[in-house]
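The next block holds one structure in the form of structure tokens; read it before the comments.
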Amino acid sequence: MILDMKQITISVNNTILVEDFFLQIASGELVALVGASGSGKSILAHSIMGIAPKNVVCQGEIRYQGEPLTKEKKRDVLGKEIVLVPQNISYLDPLMKVGRQVAKGKKDKISMEKVTKLFQKYNMHSSVMQRYPHMLSGGMARRVFIASALMEQPRLVIADEPTPGLHKEMAQMVVSHFREMAQMGAGVLMITHDLELAMDCADKIIVLYGGKIMEQTNAKSFQSENTLYHPYTKALWKAMPQNGFHTTSVTHPSKTGCPFLKGCTKSKKECMKNIIPYFQKENSIIRCIDAGGKEICF
Ligand SMILES: Nc1ncnc2c1ncn2[C@@H]1O[C@H](COP(=O)(O)OP(=O)(O)O)[C@@H](O)[C@H]1O
Ligand SMILES: [Mg+2]
């Protein structure tokens, strides 16, 4: 297992943002973490990388290739074996030309050729290497991040919403490169709010809502409503264009009990309890007392 996270709770000033999260990524696997804006995706990515703000407390177990991912270990592997494709342009150094940032301080001929090739691969003229971050469009900045991730041979790639701002073909190309990285043996975590994109490229999909995992299942399960078990996942499925755009009126997740309490037609008293266990059913793990299946603990 490349990444193994268990019982992860992330809080800020005693407010819980992410609760009882788990994630397993094997070599060669692309896992999509899907969730609406504000569901806690970025804070999770930043907590793995150890770049969350100081007031963010992350508790639980994070193992990388079988070993605890300690601060010391992070110092060795971050940016090399574990790379982040960040969501926000502010992660680029504003004072350094982007070509140098992608080269990561290397100046030898082979590295420079690699940088040039990567810029070409992502349809950026070599003159873009001489630009500073503020001179890039949003889509270009994203391509620079991806080029930067590919400079090394990462074992684990965490891509935080890598496709917004890119037109469809470029988005598909970016995704195909993440797939390629997985084929070469890396584990890839792709964070997105685009369920369709996740269905296209992922092996496994984790659906996050209000900081809690609602369901983890194979991407294939999304081909039919019958192979999805959580009412929230089913609602997401029904809201997709090809399934009729049926939207539920609930927008804000409930803070106590199941986050989907208010939108669920099946909710009962027990759904208001704060601790709702996970249930395993076939290839899915569901956090719903109505789902059936076998209760499991991590
Ligand atoms: N440093 C922080 N301090 C307080 N709240 C935060 C902080 N970072 C994120 N949050 C809150 O945590 C929630 C999840 O944020 P985020 O991980 O950015 O969501 P997503 O990436 O899924 O859109 C949001 O409600 C956000 O306001
Ligand atoms: Mg985010």
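We number each residue from 1, following the sequence as shown. Both ligands and their constituent atoms are indexed starting at 1 by order of listing.
- Within a 6.0 Å radius of CD in Glu169, other residues, nucleotides and ligands contribute 12 heavy atoms or fewer.
- Protein atoms of type N, O or S found under 2.8 Å from the Mg ion (ligand 2) total 2.
- Side chains of Phe22 and Tyr278 form a contact here, defined as non-hydrogen atoms less than 4.5 Å apart.
- Across all non-hydrogen atoms, the minimal contact from Ser148 to Lys104 is O-NZ, 2.9 Å.
- Near ligand 1, heavy-atom contacts under 4.0 Å come from Val12, Leu17, Ala36, Ser37, Gly38, Ser39, Gly40, Lys41, Ser42, Ile43, Pro53, Val56.
- Aromatic ring centres of His177 and Tyr122 lie closer together than 6.0 Å.
- Side-chain atoms of Gln24 do not come within 3.5 Å of backbone N or O of Met1 as any donor-acceptor pair.
- Nearest approach of Phe222 to Trp237, heavy atoms of both residues: O-NE1, 2.9 Å.
- The aromatic rings of Tyr132 and His134 sit parallel to each other, their planes meeting at less than 30°, with 60° as the upper class boundary.
- With hydrogens and angles left out, the side-chain atoms of Thr227 and Ser221 include no donor and acceptor closer than 3.5 Å.
- Checked by atom type and distance alone, the side chain of Lys234 pairs as donor or acceptor with a backbone atom of Leu228 at under 3.5 Å.
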